[in-house]
Amino acid sequence: MRLIFLGPPGAGKGTQAQRISEMHGIPQLSTGDMLRAAVKAGTPIGQQADAVMKAGKLVSDEIVVGIIADRIDQADCKSGFILDGFPRTVAQAEALDQMLLPRGIKLDYVIEMTVDNGALTERITGRFTCAKCGAGYHDKFKQPKVAGVCDVCGSKEFSRRADDKAETVGARLDAYTKQTAPLLPYYRGRGVLRQVDGMAAMDEVTRQIEGVLGA
Ligand code: ADP
Ligand code: ADP
Ligand code: ZN
């Protein structure tokens, strides 16, 4: 199964991709996570991406297309993958089509998480993750069961993203509206676009996605 999760920052793409990845045994390919790893490791790509990400702007198509092209040829992607945060521009979507075509791979669904933009600042500024296993949490909507201890791995270390600040939310939403939203008609025209209610509770969003996949 080949899926794309689409939606503005904070819509719940990563949360749902993590769940569906586990349930279906296919990897979650998050360009955001890959870029953050490159920034942390100080690679040339990371050095280029760091300031752009902190400003809430999009990293160049060339960089992210290169990252994904390498990734989808790895063995664990053979039976499918979930693209989380890619593509984000029409040029990236076209590049993805060009990657899939010679490999004989088709996208099954592009799942759009629809949200009320007013809710996104709270979603984004309250977000944190386990520093060890990457499990996602939220100050208000998903606290660890035992305060300060990761539910999944027991770690007591958590981290917050450098770009998850109220000041950058505007720039990121703007990038979504101008550069990413044109992907909706692009995929609607191909008959693969499906919508789920990103404002619903996390479990309900998962149920709606499962409904699409089972249909
Ligand atoms: P994205 O990957 O689209 O940026 P995330 O999955 O990281 O979004 O979600 C952003 C924040 O909102 C996280 O802290 C997450 O725990 C929380 N969150 C995700 N889905 C929901 C939901 N349906 N209801 C409330 N909070 C949510
Ligand atoms: P969010 O979960 O908030 O939607 P991501 O983790 O997907 O954010 O992305 C964080 C940042 O990484 C983006 O604001 C952008 O700077 C960069 N980025 C991630 N994916 C892409 C992409 N496909 N194209 C360009 N930039 C990207
Ligand atoms: Zn953990």
Side-chain angles (χ1 to χ4, degrees), residues 4-19 28-39 45-46 48-68 82-93 95-96 111-116 119-144 148-165 168-169 171-176 179-180 183 196-209:
I4 293 174
F5 284 6
L6 204 60
K13 303 179 296 294
T15 300
Q16 298 299 331
Q18 225 165 41
R19 291 177 174 206
Q28 167 192 9
L29 312 186
S30 160
T31 39
D33 285 347
M34 295 176 209
L35 289 167
R36 280 185 288 279
V39 169
I45 284 178
Q48 259 180 279
D50 192 20
V52 180
M53 292 170 77
K54 280 194 181 117
K57 294 186 179 152
L58 294 187
V59 172
S60 75
D61 291 333
E62 196 193 342
I63 287 181
V64 291
V65 166
I67 291 179
I68 288 295
I82 304 170
L83 292 171
D84 160 17
F86 178 94
R88 255 178 157 95
T89 64
V90 171
Q92 290 176 24
L96 178 64
I111 297 181
E112 180 198 0
M113 286 159 208
T114 60
V115 283
D116 165 2
L120 296 178
T121 301
E122 187 179 32
R123 287 257 186 111
I124 289 170
T125 55
R127 166 161 60 190
F128 62 100
T129 54
C130 171
K132 197 170 165 207
C133 76
Y137 294 97
H138 192 280
D139 291 328
K140 183 166 161 192
F141 304 121
K142 192 183 191 305
Q143 292 177 351
V149 182
C150 175
D151 296 348
V152 180
C153 76
S155 167
K156 290 180 179 166
E157 271 182 64
F158 296 89
S159 61
R160 284 179 195 262
R161 284 167 43 178
D163 59 343
D164 275 350
K165 298 198 167 76
T168 53
V169 173
R172 288 161 67 191
L173 274 179
D174 210 42
Y176 181 79
Q179 294 173 273
T180 309
L183 293 181
V196 298
D197 177 12
M199 294 307 293
M202 289 179 210
D203 289 348
E204 170 58 19
V205 181
T206 306
R207 265 194 295 277
Q208 290 188 15
I209 296 171

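The chain is numbered in sequence order, starting from 1. Computed from a prediction, not measured in an experiment: that's the story for all the values here. Order of listing sets the numbers, starting from 1, for every ligand and every atom in it.
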Tell me whether the rings of Tyr137 and Phe158 are parallel (<30°), tilted (30 to 60°) or perpendicular (>60°). perpendicular
When rounded to the nearest 0.5 angstrom, what is the spacing between [atom1] in [X] and [atom2] in [Y]?
X      : Y      : atom1 : atom2 : result
Arg127 : Asp139 : CZ    : CG    : 11.5 Å
Glu122 : Phe141 : CD    : CZ    : 4.0 Å
Lys13  : Leu6   : NZ    : CG    : 8.0 Å
Thr168 : Lys57  : OG1   : NZ    : 12.0 Å

Considering the heavy atoms of [X], write down every atom of ligand 2 situated less than 4.0 Å from one of them.
X      : answer
Pro9   : 3 (O), 4 (O)
Gln92  : 22 (C), 23 (N), 24 (N), 25 (C)
Lys13  : 4 (O)
Gly32  : 5 (P), 6 (O), 9 (O), 19 (C), 20 (N)
Leu35  : 12 (O), 17 (C), 18 (N), 19 (C), 27 (C)
Arg172 : 1 (P), 3 (O)
Arg36  : 6 (O), 10 (C)

To check your reading of the model: name the closest protein heavy atom to [atom], its residue, and the distance in Å.
atom                    : result
atom 8 (O) of ligand 1  : Gly12 N, 3.1 Å
atom 20 (N) of ligand 1 : Met202 CG, 3.7 Å
atom 24 (N) of ligand 1 : Arg123 NH2, 3.4 Å
atom 2 (O) of ligand 1  : Gly14 N, 2.8 Å
atom 14 (O) of ligand 1 : Tyr137 O, 2.8 Å
atom 6 (O) of ligand 1  : Thr15 OG1, 2.5 Å
atom 11 (C) of ligand 2 : Met53 CE, 3.9 Å

For the student: nearest non-hydrogen atoms of Pro87 and Ala93, plus distance: CB-N, 3.5 Å
I'd like to know if Ala11 contacts ligand 1, where contact means a heavy-atom distance under 4.0 Å to any ligand atom. yes
With a 4.0 Å cut-off on heavy atoms, does Gly136 reach ligand 1? no
With a 4.0 Å cut-off on N to O distance, would you call Asp203 and Arg207 a salt bridge? no
Salt bridge or not for Asp33 and Arg161, using N-O below 4.0 Å? no
Can you check whether Gly12's main-chain N or O pairs, donor with acceptor, with Gln16's side chain at less than 3.5 Å? no
Would a distance-only check, ignoring hydrogens and angles, find a side-chain to backbone donor-acceptor pair under 3.5 Å from Thr129 to Gly134? no
Counting heavy atoms under 4.0 Å, the part of Val64 that contacts ligand 2 is side chain
Hey, looking at [atom], which of [options] has the closest heavy atom?
atom                    : options                    : result
atom 19 (C) of ligand 2 : Met34, Lys57, Arg88        : Arg88
atom 26 (N) of ligand 2 : Ile63, Thr31, Val59, Asp50 : Val59
atom 17 (C) of ligand 1 : Met113, His138, Gln143     : His138

Given SG of Cys133 on one side and SG of Cys153 on the other, what angle do they make at the Zn ion (ligand 3), to 10°? 110°
Quick look: Ala200 vs ligand 1, heavy-atom contacts under 4.0 Å, and the answer is backbone
Within-cut-off N or O pair, [X] and ligand 1, under 3.5 Å:
X      : value
Phe141 : no
Arg127 : yes
Asp84  : no
Phe128 : no

Test your reading of the structure: does Pro87 have an N or O sitting under 3.5 Å from an N or O of ligand 2? no
Would you check whether Arg161 has a nitrogen or oxygen atom less than 3.5 angstrom from a nitrogen or oxygen atom of ligand 2? yes
Sub-4.5 Å side-chain heavy-atom contact between Ile63 and Leu35: yes
Glu62 atom CD, over 12 foreign heavy atoms within 6.0 Å: no
Do any heavy atoms of Lys54 fall under 4.0 Å from ligand 2? no
